[in-house]
**Student:** 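Take this structure first; my questions come after.
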Amino acid sequence: VSIAILCGGLGGSRCVDALARAAGPEAITAIGNVGDDLEFLGLHISPDLDTVLYTLAGLLHEERGWGVRDETYNALALAKDLGAETWFTLGDRDIGLHLVRTAWLRNGLPLSEATRRLTEALGVGVRLLPVTDDRLRTKILTGEGELDFQEWFVARAHREAVTGVRYEGADEAVPAPGVLEAIDAAELVVVAPSNPFVSILPILAVPGVFAAVAAKRVAAISPLIGGKAFRGPLPEMLVSLGQDASSAGVAEMYSDLVDVFLVAPDDAGPPGAVTCDIDMVAPERREEVGRKLLEALL
Ligand code: FO1
């Protein structure tokens, strides 16, 4: 089989891991969001790509859902003593990865090639592609004005209600090498159980991606169970942006794209939803859930 997965942060990385364990990593191309990317203390950080990398390499800090496990924070502590802004928590090992990637990008490598080198060095068998090598940044509109995504999400702990979302640079962005080809070649495109506003729509906003996906058989996995997210502000965002805070509300957002919408057994989905075990939180359950997903979809 060959599966292309559109994915964001934690929910996306667990889904990529589950399907890679079930179908084999060589069957999977993960197309990752870059709208959450930021420059912090001079480093280029791609949180969503890194969460996929760390998850698949067995390095993720599972309790936090981001960053590296068994981490220390000495570099950031000194930066703080030196008067730097330190609201974005970067661990020492995580900084090691950001140093290497930032150096490659400064030397002119595209993000997709930097990502390919990182997957290879970390022994990750899945193909991970940033949706674009161009600059694309998610901006969050609130009553306080427009904020950079991480400024809203981390620095302000997503307190302000979201009145709009904008994907800066998306119109001029070009899909990274291999993205459209991987979608075209896939038997199935999976929309991971990620936040649609923050993770999936910025991927689909890159010209050419929506049309390529729409031409395929597409399955989306609900990021909500009983109206609740595993983590993150999706229910509040759905409400403040005028949708129902439920799997049906998310399905509605994907109605012109998705052929199969998967919901948890005890969840009320949209009409026609397919029920499947979609709980991919525990690493030791992922292979089994991945197999159930493949059975339901292929
Ligand atoms: N999330 C936080 O809530 N606080 C942090 O300090 C933080 C640091 C961080 C560092 C590296 C990284 O890859 C991710 C990090 N995240 C942090 C998570 C990140 O902000 C979000 O989870 C994703 O962007 C949402 O998909």
**Student:** Taking the side chain as every heavy atom from C-beta outward, state whether Val191 and Ile221 have any atom pair closer than 4.5 Å.
**Tutor:**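 Not in contact.
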**Student:** Find out whether Val198 and Val165 are in side-chain contact, i.e. whether some heavy atom of one side chain is under 4.5 Å from a heavy atom of the other.
**Tutor:**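 Side chain of Val198 against side chain of Val165, heavy atoms only: no contact under 4.5 Å found.
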**Student:** Less than 6.0 Å separating the ring centroids of Tyr54 and Trp66?
**Tutor:**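 No, the ring centres sit 6.0 Å or more apart.
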**Student:** Quick check: does any side chain N or O of Trp152 sit under 3.5 Å from a backbone N or O of Ala157, one acting as donor and the other as acceptor?
**Tutor:**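 No, Trp152 side chain to Ala157 backbone: no donor-acceptor pair under 3.5 Å.
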**Student:** Do side-chain atoms of Asp94 reach the backbone of Gly67 as a donor and acceptor pair under 3.5 angstrom?
**Tutor:**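 Not confirmed, Asp94 side chain does not pair with Gly67 backbone.
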**Student:** Treating Asp17 as the side-chain partner and Pro283 as the backbone partner, does any N or O pair qualify as donor plus acceptor under 3.5 Å?
**Tutor:**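 Such a contact is absent between Asp17 side chain and Pro283 backbone.
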**Student:** Give the ring-plane orientation class for Trp87 versus Phe40, where under 30° counts as parallel, over 60° as perpendicular and anything between as tilted.
**Tutor:**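 The rings of Trp87 and Phe40 stand perpendicular, inter-plane angle above 60°.
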**Student:** Thr51 and Gly65: which non-hydrogen atoms are nearest, and at how many Å?
**Tutor:**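 Shortest heavy-atom contact: CG2-O, 3.8 Å.
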**Student:** Over all heavy atoms of both residues, which pair between Leu105 and Pro110 is shortest? Give the atoms and the distance, please.
**Tutor:**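 Looking at all heavy atoms of both residues, the shortest contact is CD2-C, 3.9 Å.
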**Student:** Can you tell which of Arg106, Arg137, Arg101 makes a salt bridge (charged side-chain N to carboxylate O under 4.0 Å, His left out) with Glu39?
**Tutor:**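 Of the listed residues Arg106, Arg137, Arg101, the salt bridge (charged side-chain N to carboxylate O under 4.0 Å, His left out) partner of Glu39 is Arg137.
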**Student:** Work out which heavy atom in Val34 is nearest to a heavy atom in Pro130; give both atom names and the distance.
**Tutor:**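 Heavy atoms of Val34 and Pro130 come nearest at CG1-CB, 3.7 Å.
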**Student:** Any side-chain to backbone donor/acceptor pair from Ser112 onto Pro177? Under 3.5 Å, distance only.
**Tutor:**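 It does not hold such a pair.
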**Student:** Under 4.0 Å between a side-chain nitrogen and a carboxylate oxygen: does that hold for Asp277 and Lys292?
**Tutor:**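 Lys292 and Asp277: salt-bridged.
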**Student:** Do Leu141 and Met237 belong to the same hydrophobic cluster, where Ile, Leu, Val, Met, Phe, Trp and Tyr are linked whenever their side-chain heavy atoms lie under 4.5 Å apart, directly or via other members?
**Tutor:**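 No, because Leu141 and Met237 fall into different hydrophobic clusters, even though each may have its own neighbours under 4.5 Å.
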**Student:** I'd like to know if Ile95 and Leu38 are part of one continuous hydrophobic network [Ile/Leu/Val/Met/Phe/Trp/Tyr, side-chain heavy atoms within less than 4.5 Å].
**Tutor:**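 Yes.
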**Student:** Give a yes or no on whether Val174 and Val206 share a hydrophobic cluster (residues Ile, Leu, Val, Met, Phe, Trp, Tyr; joining criterion: side-chain heavy atoms under 4.5 Å apart).
**Tutor:**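 Val174 does not cluster with Val206.
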**Student:** Going from CG on Leu59 to CG on Leu53, what distance comes out if it is rounded to the nearest 0.5 angstrom?
**Tutor:**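 So the CG of Leu59 and the CG of Leu53 are separated by 9.5 Å.
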**Student:** Ile200 and Ala192: which non-hydrogen atoms are nearest, and at how many Å?
**Tutor:**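 For Ile200 versus Ala192, the nearest heavy atoms are CD1-O, 4.2 Å.
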**Student:** Enter the distance from Ile140:CD1 to His158:NE2 here, rounded to the nearest 0.5 Å.
**Tutor:**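 Answer rounded to 0.5 Å: 11.0 Å.
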**Student:** When hydrophobic residues are tied together by side-chain contacts of less than 4.5 Å, even through go-betweens, does Val239 share a cluster with Val162?
**Tutor:**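 No; Val162 is not reachable from Val239 via cluster members.
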**Student:** Using a strict threshold of under 4.0 Å (side-chain N to carboxylate O), is an ion pair present between Arg291 and Glu295?
**Tutor:**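 Arg291 and Glu295: not salt-bridged.
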**Student:** Judged by atom type as modelled, is there a donor-acceptor pair below 3.5 Å linking the side chain of Arg217 to the main-chain atoms of Ala186?
**Tutor:**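 Side chain of Arg217 to backbone of Ala186: no pair is present.
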**Student:** Nearest heavy-atom pair of Leu136 and Pro202: which atoms, and what distance?
**Tutor:**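 Between these two residues, the closest heavy atoms are CD1-O, 3.7 Å.
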**Student:** Which ring pair (Phe, Tyr, Trp, His ring centres under 6.0 Å) pairs, counting each pair once, include a residue from residues 90-147, with sequence neighbours left out?
**Tutor:**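 Not a single pair qualifies under ring pair (Phe, Tyr, Trp, His ring centres under 6.0 Å).
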**Student:** Could you pull out all residues at least two apart from Glu284 that satisfy side chain to side chain contact (heavy atoms under 4.5 Å, CB included)?
**Tutor:**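 Glu284: side chain to side chain contact (heavy atoms under 4.5 Å, CB included) contacts with Ala282.
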**Student:** Does any part of the side chain of Arg64, heavy atoms only, come nearer than 4.5 Å to the side chain of Thr89, both counted from C-beta?
**Tutor:**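 A side-chain contact under 4.5 Å exists here.
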**Student:** To the nearest 0.5 angstrom, please state how far the CG atom of Leu128 sits from the CZ atom of Arg116.
**Tutor:**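 Going from CG on Leu128 over to CZ on Arg116, the span is 12.0 Å.
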**Student:** Quick one: does Leu293's side chain get under 4.5 Å of Leu262's, heavy atoms only?
**Tutor:**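 Side chain of Leu293 against side chain of Leu262, heavy atoms only: contact under 4.5 Å found.
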**Student:** Go through Leu129 and Thr29 one step at a time and tell me if the side-chain contact (heavy atoms from CB on, under 4.5 Å) criterion holds.
**Tutor:** CA-CA 7 Å; Leu129 301 174; Thr29 302; 3.7 Å; yes
**Student:** Under 3.5 Å, is there a donor-acceptor pair between the side chain of Asn33 and the main chain of Ile203?
**Tutor:**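 Flag not set: sc Asn33 to bb Ile203 has no pair under 3.5 Å.
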**Student:** At what distance, to the nearest 0.5 angstrom, does CG of Leu97 lie from CG of Leu122?
**Tutor:**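 Here the interatomic distance stands at 6.5 Å.
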**Student:** State, yes or no, whether a side-chain contact exists between Ile31 and Ile5 at a heavy-atom distance under 4.5 Å.
**Tutor:**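 The answer is no, as the side chains (C-beta and beyond) never meet within the 4.5 Å cut-off.
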**Student:** If you define the side chain from C-beta out and look only at heavy atoms, does anything of Leu204 sit under 4.5 Å from Leu257?
**Tutor:**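 Yes, their side chains come closer than 4.5 Å.
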**Student:** Please determine whether a side-chain nitrogen of the Lys or Arg among Glu146 and Arg166 lies less than 4.0 Å from a carboxylate oxygen of the Asp or Glu.
**Tutor:**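 Result for this pair is yes, salt bridge flagged.
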**Student:** Let me confirm one number: the NE2-OG1 distance from His44 to Thr102, rounded to the nearest 0.5 Å.
**Tutor:**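 Here the interatomic distance stands at 7.0 Å.
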**Student:** Determine whether Val52 and Cys7 satisfy the following criterion, side-chain contact (heavy atoms from CB on, under 4.5 Å), listing intermediate values before the conclusion.
**Tutor:** CA-CA 9 Å; Val52 175; Cys7 61; 4.2 Å; yes
**Student:** Hey, quick one: are Leu78 and Leu41 part of the same hydrophobic cluster, counting side-chain heavy atoms closer than 4.5 Å, chains of contacts allowed?
**Tutor:**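 Leu78 does not cluster with Leu41.
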**Student:** Is a side-chain donor or acceptor of Lys139 paired with a backbone partner of Tyr167 at a separation under 3.5 angstrom?
**Tutor:**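 The answer is no, because no donor-acceptor pair under 3.5 Å joins these two groups.
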**Student:** Answer yes or no: is there a side-chain heavy-atom contact under 4.5 Å between Pro196 and Leu234?
**Tutor:**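 Yes, at least one pair of side-chain atoms sits under 4.5 Å.
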**Student:** Looking at Asp36 and Pro47, would you say the former's side chain and the latter's main chain have a donor-acceptor pair under 3.5 Å?
**Tutor:**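 No, the answer is negative, given that no donor and acceptor are paired below the 3.5 Å cut-off.
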**Student:** Donor-acceptor pair, distance only, cut-off 3.5 Å: does the side chain of Thr142 make one with the backbone of Gly145?
**Tutor:**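 A pair under 3.5 Å: yes.
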**Student:** Taking all non-hydrogen atoms of both residues, which atom of Ala245 and which atom of Leu238 are closest, and how far apart?
**Tutor:**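 Reported closest heavy-atom pair: CA-CD1, 3.9 Å.
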**Student:** Report the C-alpha distance between Tyr73 and Glu71 in whole Å, list the side-chain angles of each, state the deciding distance to 0.1 Å, and finish with yes or no for side-chain contact (heavy atoms from CB on, under 4.5 Å).
**Tutor:** CA-CA 7 Å; Tyr73 299 89; Glu71 187 57 291; 3.5 Å; yes
**Student:** Tell me which pairs pass side chain to side chain donor-acceptor pair (under 3.5 Å) where either residue lies in residues 187-213, with sequence neighbours left out.
**Tutor:**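 Listed by first then second residue: nothing to list.
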**Student:** Determine whether a donor-acceptor pair (N or O, by modelled atom type, separation under 3.5 Å) exists between the side chain of Glu252 and the backbone of Gly249.
**Tutor:**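 Side chain of Glu252 to backbone of Gly249: no pair is present.
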**Student:** Which value, rounded to the nearest 0.5 Å, describes the distance between Arg14 atom CZ and Thr55 atom OG1?
**Tutor:**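 Rounded to the nearest 0.5 Å, the CZ-OG1 separation comes to 8.0 Å.
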**Student:** Between Arg135 and Glu172, does the salt bridge (charged side-chain N to carboxylate O under 4.0 Å, His left out) criterion hold? Intermediate values first, please.
**Tutor:** CA-CA 9 Å; Arg135 188 185 168 87; Glu172 300 84 46; over 6 Å; no
**Student:** Could you give me the CA-CA distance, side-chain angles and deciding distance for Asp37 and Leu111, then say whether side-chain contact (heavy atoms from CB on, under 4.5 Å) is met?
**Tutor:** CA-CA 11 Å; Asp37 287 17; Leu111 182 61; 4.0 Å; yes
**Student:** Indicate yes or no: at least one non-hydrogen side-chain atom of Leu297 is less than 4.5 angstrom from one of Val260.
**Tutor:**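 The answer is yes; the side chains approach within 4.5 Å.
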